[in-house]
S.K.: 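Take this structure first; my questions come after.
Remember, it's a predicted structure, so these values are computed and weren't measured experimentally.
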Protein chains: 2
Amino acid sequence: MNSDQFEQSQIQPLLDYFQQLIPLDSKEKQLVLELFKPRLYRRRQFVLQEGDVCNQFNFIVRGCLRMYKIDEKGNTHILQFASENWWLTNIGSFHDRTPSELEIDAIEDTVVLQINHENLLSLYINAPKFDRIFRVLIEKSFVSTQKRLLQTISSTAEERYNSFLASYSHLNNRLPQTQIASFLGISPEFLSRLRNKQAKKA
Amino acid sequence: MNSDQFEQSQIQPLLDYFQQLIPLDSKEKQLVLELFKPRLYRRRQFVLQEGDVCNQFNFIVRGCLRMYKIDEKGNTHILQFASENWWLTNIGSFHDRTPSELEIDAIEDTVVLQINHENLLSLYINAPKFDRIFRVLIEKSFVSTQKRLLQTISSTAEERYNSFLASYSHLNNRLPQTQIASFLGISPEFLSRLRNKQAKKA
DNA sequence: AACTGAATCAAGAAATAGTATTGATCTAGA
DNA sequence: TCTAGATCAATACTATTTCTTGATTCAGTT
């Protein structure tokens with residue numbers, strides 16, 4: 001498979017995604033084809049390192065990324081997972097062109113379609129419909145972050161785990177327990193016990 | 001260990017290295033301290049990815065890096081290993097500011113001291129002695145590449161393996177056999193048989 | 001004071017991924 | 001037609017990652 005075929009075969013999920021929000025005309029499709037580039041990240045590979053300016057907006061075709069912060073004690077706190085058909089970027093760093101405090105890396109081998117800052121601006125200029133599309137998609141992410149914050153400040157670990165299950169059931173068996181624990185803000189051991197408890201109940 | 005202490009403790013091998021070639025005065029040492037930055041790469045982490053411009057000149061403090069090319073069939077061919085007290089950079093890409101066809105990644109967790117393109121130029125301007133130092137060190141690498149090329153076009157796999165042993169005996173037990181095979185340009189299975197054969201002889 | 005929801009630490013166990021070996025078969029070039 | 005090597009498949013071995021469990025601790029409830 002040469003790299004052109006690779007691009008062809010990977011771009012479709014993104015076109016479908018846009019199409020579902022607002023139909024695109026052929027000029028717009030063409031722009032997407034030109035400006036989004038596929039890229040493979042291997043497990044554990046960094047997509048964004050602390051201190052670098054985030055220059056990419058990523059659409060996940062397959063695999064799974066995580067965005068997280070490492071605190072002074074060296075503990076990692078996962079802000080967000082992103083798997084198939086989700087977006088991930090450090091939008092603060094991307095927008096303001098400031099060094100990122102967050103890191104992004106791949107939990108599994110992951111194929112993304114990415115557009116860099118410059119090309120995204122050019123996309124907005126050449127096809128203003130994408131202003132709306134990106135507004136909508138950012139709203140979606142924003143809302144889901146709000147929900148999660150609310151969960152976090154109002155629930156016990158078990159409740160948070162259950163709502164993780166409700167929203168991300170497809171990731172529950174796919175991700176190592178340590179990652180889920182770090183997303184929920186509990187210790188891996190405690191998550192192990194929660195799971196055990198629930199298994200016995202059922 | 002805070003990051004200052006980390007820098008302090010890691011820079012010495014590089015100062016020793018330079019010192020051995022040509023003694024440095026304190027201003028020059030100071031420049032080295034300011035312009036070279038320590039960095040840790042974890043096993044499998046990329047130092048340079050295909051398509052990016054190589055912007056760093058790396059001195060290996062500990063660990064091991066490899067520079068390689070992935071061909072159209074997906075096979076990887078290792079051009080060079082670099083372990084303690086060696087240098088590694090894609091000098092073509094670094095010098096011409098062109099996208100790299102080669103990749104560099106870490107075979108082991110590796111600490112390097114790196115200087116970027118801009119800072120290296122500034123080092124040459126502020127301390128012309130480094131023109132000579134870097135000329136010497138690049139000559140060394142050049143000569144060893146020539147030797148290897150000559151080996152490659154003139155010897156059997158077994159001879160090449162033996163001369164790998166002669167030059168890199170410290171890496172023989174440290175690197176996975178697959179990596180050595182890819183360096184020698186043979187299949188891992190065949191290397192296994194070569195080793196077996198030599199073990200029986202002895 | 002006792003209970004609950006958690007954390008931390010240590011030790012093993014289980015699962016997975018990475019690496020090496022071996023035999024069988026195939027191939028290109030001297 | 002030899003020889004130096006590749007390729008494929010199966011198995012074995014090793015190392016790393018992940019999970020589980022018990023013991024202990026701790027800070028806020030009740």
S.K.: Taking only the side-chain heavy atoms of A/Asn196 (C-beta and beyond), determine which of D/dC8, C/dT19, D/dT21 contains the nearest atom.
M.R.: D/dT21

S.K.: Roughly, in whole Å, what's the span from OH in A/Tyr161 to C1' in C/dG5?
M.R.: 18 Å

S.K.: Does any donor atom in the side chain of B/Asp105 or B/Tyr68 lie under 3.5 Å from an acceptor atom in the other side chain?
M.R.: yes

S.K.: If the threshold is 4.0 Å, N to carboxylate O, is there a salt bridge linking A/Arg135 and A/Glu139?
M.R.: yes

S.K.: How is B/Arg42 classified with respect to the nucleic acid when contacts are heavy atoms under 4.0 Å: base, sugar-phosphate, or nothing?
M.R.: nothing

S.K.: Checking B/Lys37 side chain against B/Glu34 main chain: does a donor-acceptor pair fall under 3.5 Å?
M.R.: yes

S.K.: May I ask you to check if B/Arg148 and B/Phe183 form a cation-pi contact, with NZ or CZ under 6.0 angstrom from the six-membered ring centre and within 45° of the axis?
M.R.: yes

S.K.: Taking atom types as they are modelled, is there a donor-acceptor pair under 3.5 Å from the base of C/dG23 to the side chain of B/Arg193?
M.R.: yes

S.K.: Would you kindly give the CD-to-C1' distance between A/Glu108 and C/dT16, to the nearest whole Å?
M.R.: 14 Å

S.K.: Using heavy-atom distances to pick each residue's nearest nucleotide on DNA chain C, tell me which of A/Arg43 and A/Ser155 is more 5'.
M.R.: A/Ser155

S.K.: Heavy atoms only, 4.0 Å cut-off, all strands: where does B/Arg195 land among base, sugar-phosphate and nothing?
M.R.: nothing

S.K.: How many Å lie between CG on B/Asn172 and C1' on C/dA20, as a whole number?
M.R.: 14 Å

S.K.: Quick check on contacts: within residues 173-191 of chain A, what sits under 4.0 Å from DNA chain D by heavy-atom distance?
M.R.: A/Pro176, A/Gln177, A/Thr178, A/Glu189

S.K.: Using whole Å, report how far CG of A/Asp109 lies from C1' of C/dA17.
M.R.: 12 Å

S.K.: Between C/dT19, D/dT21, C/dT21, spot the one nearest the side chain of B/Ser192, thanks.
M.R.: C/dT21

S.K.: Rounded to whole angstroms, how far apart are CG on B/Asn75 and C1' on D/dA6?
M.R.: 11 Å

S.K.: To the side chain of B/Ala157, which of C/dA24, C/dT21, D/dG5 is closest?
M.R.: D/dG5

S.K.: Of B/Asn119, B/Asn58, B/Thr89, which is the lone residue that meets side-chain hydrogen bond (donor to acceptor under 3.5 Å, both in side chains) with B/Gln114?
M.R.: B/Asn58

S.K.: Less than 3.5 Å apart, any donor N or O on the side chain of B/Gln198 or B/Asn162 sitting next to an acceptor on the other?
M.R.: yes

S.K.: Examine A/Arg174 relative to A/Tyr168 and say whether NZ or CZ is less than 6.0 Å from the centre of the six-membered ring and inside a 45° cone about the ring axis.
M.R.: no

